[in-house]
Amino acid sequence: RQISSPWVNPPVGTEYCVELIDSFDTVINHYCFDLDFIDYETQQTISTDSYFILLPDAPNISRVELKKGNLVLASRTVSLYPPQVELTSPNGGENWGSSGFETITWVGNDTDEDPLFYNVYYSPDNGVSWEPLAIDLETTNLEVDTDTIPGSSSAKIRVSVSDGVHSVSDESDSTFIVEPKGPQISIILQDENKDFLANRFVMLRGIGYDLEDGQFEGDDLCWSSDLDGGLGCGESITPFLSVGAHSITLQAIDSDGNIAVSTETINIVECFDINT
């Protein structure tokens with residue numbers, strides 16, 4: 001999930017409204033919208049829905065209200081002072097390996113002593129784009145499995161803090177290194193018993209992914225057999241194979257030159273006609 005693009009509020013509607021109210025109970029800004037209460041993956045009706053609204057801040061905001069018509073569903077008092085956060089590590093110059101765990105640390109405080117919640121983001125491109133590592137943390141550290149993030153020679157971390165209304169952030173003063181990862185590939189066979197009749201097409205299908213390069217496609221994935229040699233490239237091929245036990249190899253090379261290999265053994269069985 002990239003969050004570098006400009007924020008886009010949900011389409012304007014009429015059923016629900018978020019209102020920014022000053023100490024004189026005057027609405028100084030608002031945004032109204034509708035919710036459909038549909039799970040976008042299953043298309044089933046759900047009882048709760050979520051949304052994000054971005055409105056300009058103002059120094060005289062006293063509270064924020066969520067309304068349905070004239071009914072106040074939720075209200076949050078705006079505290080006087082925004083929270084503060086300082087990222088302490090990694091702050092530039094570190095070298096994270098290609099595997100293992102590393103710890104991100106920061107310091108946060110709030111003059112109003114409001115409960116604080118932290119979001120942590122990772123950028124592999126010196127802050128051009130950001131992807132979330134953790135949301136709504138209440139602790140001031142996060143352990144990261146480096147196997148799960150893209151390698152980079154210009155990585156940065158950003159930590160944002162919210163007291164429920166105000167939000168501020170801090171990021172690495174300069175870049176650090178995360179060692180690149182190799183690709184991951186696998187072979188998916190059409191028939192799980194791995195026995196195929198001769199003189200028929202055998203469908204070979206493979207998938208591959210690299211944290212830095214993304215999904216492998218086409219010529220990125222190449223096939224070979226220890227009996228028949230090169231079979232071609234592509235996510236899916238249907239070669240004729242000679243009779244016998246084949247060690248089928250799928251290979252991919254990422255942009256850093258890292259090679260991944262996956263193998264499966266399949267058996268091509270001669271088919272005999274029996275006359276009675």
Side-chain angles (χ1 to χ4, degrees), residues 1-9 40-41 50 52 54 83-108 116-162 167-186 206-222 233-235 250-262:
R1 292 187 296 170
Q2 303 296 312
I3 62 169
S4 56
S5 58
W7 193 285
V8 178
N9 285 338
Y40 292 107
E41 293 184 356
S50 60
F52 294 92
L54 184 66
Q84 301 296 320
V85 64
E86 180 184 1
L87 176 67
T88 54
S89 180
N91 209 28
E94 295 85 354
N95 191 328
W96 286 7
S98 60
S99 63
F101 288 85
E102 299 285 350
T103 302
I104 301 169
T105 59
W106 60 91
V107 177
L116 300 180
F117 301 92
Y118 302 95
N119 298 337
V120 184
Y121 304 93
Y122 171 70
S123 173
D125 49 20
N126 195 19
V128 175
S129 63
W130 298 89
E131 58 185 69
L133 297 179
I135 301 296
D136 285 344
L137 293 177
E138 298 181 47
T139 60
T140 55
N141 62 80
L142 174 66
E143 194 172 62
V144 178
D145 183 356
T146 60
D147 282 330
T148 64
I149 61 175
S152 171
S153 60
S154 56
K156 278 190 170 183
I157 294 295
R158 173 186 288 170
V159 178
S160 67
V161 60
S162 173
S167 181
V168 297
S169 65
D170 187 34
E171 63 185 54
S172 306
D173 289 343
S174 59
T175 61
F176 64 98
I177 294 172
V178 179
E179 295 295 336
K181 315 300 188 300
Q184 299 182 14
I185 60 174
S186 61
I207 56 174
Y209 183 80
D210 184 84
L211 279 170
E212 289 84 38
D213 298 339
Q215 195 78 26
F216 286 122
E217 299 177 347
D219 291 345
D220 296 329
L221 297 167
C222 290
C233 297
E235 299 157 88
L250 175 63
Q251 177 176 291
I253 304 176
D254 68 13
S255 58
D256 296 311
N258 297 308
I259 300 174
V261 173
S262 180

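Shown here for T146 and S99, the closest heavy-atom pair between the two residues is OG1-C, 3.1 Å. The nearest pair of heavy atoms linking K181 to N258 is O-ND2, 3.6 Å. Closest approach of I104 to L87, counting heavy atoms only: CG2-CD1, 3.8 Å. Summarising the geometry of I185 relative to A260, their closest heavy-atom pair is CD1-O, 3.3 Å, with the distance given to 0.1 Å. The nearest pair of heavy atoms linking P90 to S172 is O-OG, 2.9 Å. The two residues V178 and A155 make their nearest non-hydrogen contact at CG2-CB, 4.0 Å.
Judged purely by atom type and a 3.5 angstrom limit, N91 has no side-chain atom pairing as donor or acceptor with the backbone of T88. Although no hydrogens or angles enter the test, the distance criterion places no donor-acceptor pair under 3.5 Å between the side chain of E179 and the main chain of W96. Side-chain N or O atoms of D254 include none that pairs as donor or acceptor with a backbone N or O of G182 at under 3.5 Å. Between the side chain of S89 and the backbone N or O of T105, no donor-acceptor pair lies under 3.5 Å. A donor-acceptor contact shorter than 3.5 Å is absent between the side chain of E94 and the backbone of F176.
Contact annotation: the side chain of E131 approaches that of P150 to within less than 4.5 Å [non-hydrogen atoms, C-beta and beyond]. Under the 4.5 Å side-chain criterion, counting only non-hydrogen atoms from C-beta, V159 is not in contact with L142. Under the 4.5 Å side-chain criterion, counting only non-hydrogen atoms from C-beta, W130 is in contact with K156. Residues L116 and V85 form no side-chain contact, since every pair of their non-hydrogen atoms from C-beta on lies 4.5 Å or further apart. For the pair I149/L211, no side-chain contact is recorded, criterion being any heavy-atom separation below 4.5 Å from C-beta on. Contact of the N119 side chain with the I135 side chain is registered, since non-hydrogen atoms from C-beta on lie closer than 4.5 Å. Considering only heavy atoms from C-beta on, V107 stays 4.5 Å or farther from T140 through its side chain.
Around atom CD of E171, more than 12 heavy atoms belonging to other residues, nucleotides or ligands sit under 6.0 Å away.
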- request: Go through L133 and I157 one step at a time and tell me if the side chain to side chain contact (heavy atoms under 4.5 Å, CB included) criterion holds.
  value: CA-CA 10 Å; L133 297 179; I157 294 295; 4.1 Å; yes
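Distance CG/D220 to CG/D210: 10.0 Å, rounded to 0.5 Å. Taking CH2 from W106 and CG from N141, the interatomic distance works out to 6.0 Å, rounded to the nearest 0.5 Å. For the atom pair OG (S169) and CD (Q84), the distance works out to 11.0 Å, reported to the nearest 0.5 Å.
Using a 3.5 Å distance cut-off with no hydrogens or angles, the side chains of S167 and S160 do not pair a donor with an acceptor.
Under the side chain to side chain donor-acceptor pair (under 3.5 Å) criterion, N126 pairs with no residue at all, not counting sequence neighbours. For D213, the side chain to side chain donor-acceptor pair (under 3.5 Å) partners two or more places apart in sequence, or in a different chain, are S255. Judged as a ring-ring contact (aromatic ring centres under 6.0 Å, His included), and not counting sequence neighbours, Y122 has no contacts.
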